[in-house]
Amino acid sequence: MKKMMQLATVLGVSVGIFGLASVTASANSQYSAKRSNSVRLVWRTSMKRHAYTATHGARYSKHLGIRYSNNDVTSTVTWYMDAHEKLYKKYKGHNAIYYHVKSADGTLQGWIWRGVFEIG
């Protein structure tokens, strides 16, 4: 009887872990390995803090692996830049500058392409 209880416990834990793994995979549906592997980091450096707004484009994780949200959803947010990076886009054969941004209250952050900013 004791062995049956141990087997049931192990089986229950295994099913629980498997269930959590499937939930985690669906939470990262915005991850794109293709997008992440299509760029190469040239340099990254800190910079003085600047305030801007962005009304189009999107906000990404480092190396563009995860798209956090589109900027039209957060068009009223004032972004404060604190770093920038230069990525080489392999499929296009040119470089692009991305700024690391944080919202004023610190709840949102990410990397936004420099071409989408407006002075705010």
Against Glu85, only a single residue in Arg114, Arg44, Lys62 fulfils salt bridge (Lys or Arg N to Asp or Glu O under 4.0 Å); can you say which? Arg44
Taking every non-hydrogen atom, the tightest pair across [X] and [Y]:
| X | Y | result |
| --- | --- | --- |
| His63 | Leu41 | NE2-CB, 3.7 Å |
| Thr55 | Ser75 | CG2-CB, 4.1 Å |
| Ser103 | Tyr80 | C-CD1, 4.4 Å |
| Ala83 | Met47 | N-CG, 3.6 Å |
| Arg67 | Ala58 | CD-CB, 3.7 Å |
| Tyr88 | Gly93 | OH-CA, 3.4 Å |

Would you give the length of the straight line joining atom [atom1] of [X] to atom [atom2] of [Y], rounded to the nearest 0.5 angstrom?
| X | Y | atom1 | atom2 | value |
| --- | --- | --- | --- | --- |
| Lys34 | Leu64 | NZ | CG | 14.0 Å |
| Ile66 | Trp111 | CD1 | CH2 | 14.5 Å |
| Lys48 | Asp82 | NZ | CG | 14.5 Å |
| His84 | Ser46 | NE2 | OG | 8.5 Å |

For a ring pair (Phe, Tyr, Trp, His ring centres under 6.0 Å) check, start with the C-alpha distance between Trp79 and His50, then their side-chain angles and the critical distance, and finish with the verdict. CA-CA 8 Å; Trp79 297 107; His50 301 280; over 10 Å; no
Could you tell me if the side chain of [Y] sits less than 4.5 Å from the side chain of [X], heavy atoms only?
| X | Y | answer |
| --- | --- | --- |
| Tyr68 | Leu108 | no |
| Arg59 | Asn71 | yes |
| Asn95 | Leu87 | no |

Report the relative orientation of the aromatic rings in Tyr98 and Tyr60; use parallel for angles under 30°, tilted for 30 to 60°, perpendicular for over 60°. perpendicular
Measure from the side-chain N and O atoms of Asn70 to the backbone N and O of Asp72, and report whether any donor-acceptor pair falls under 3.5 Å. no
Give the intermediate values and the outcome of side chain to side chain contact (heavy atoms under 4.5 Å, CB included) for residues Tyr31 and Ser36. CA-CA 8 Å; Tyr31 177 75; Ser36 184; 4.2 Å; yes
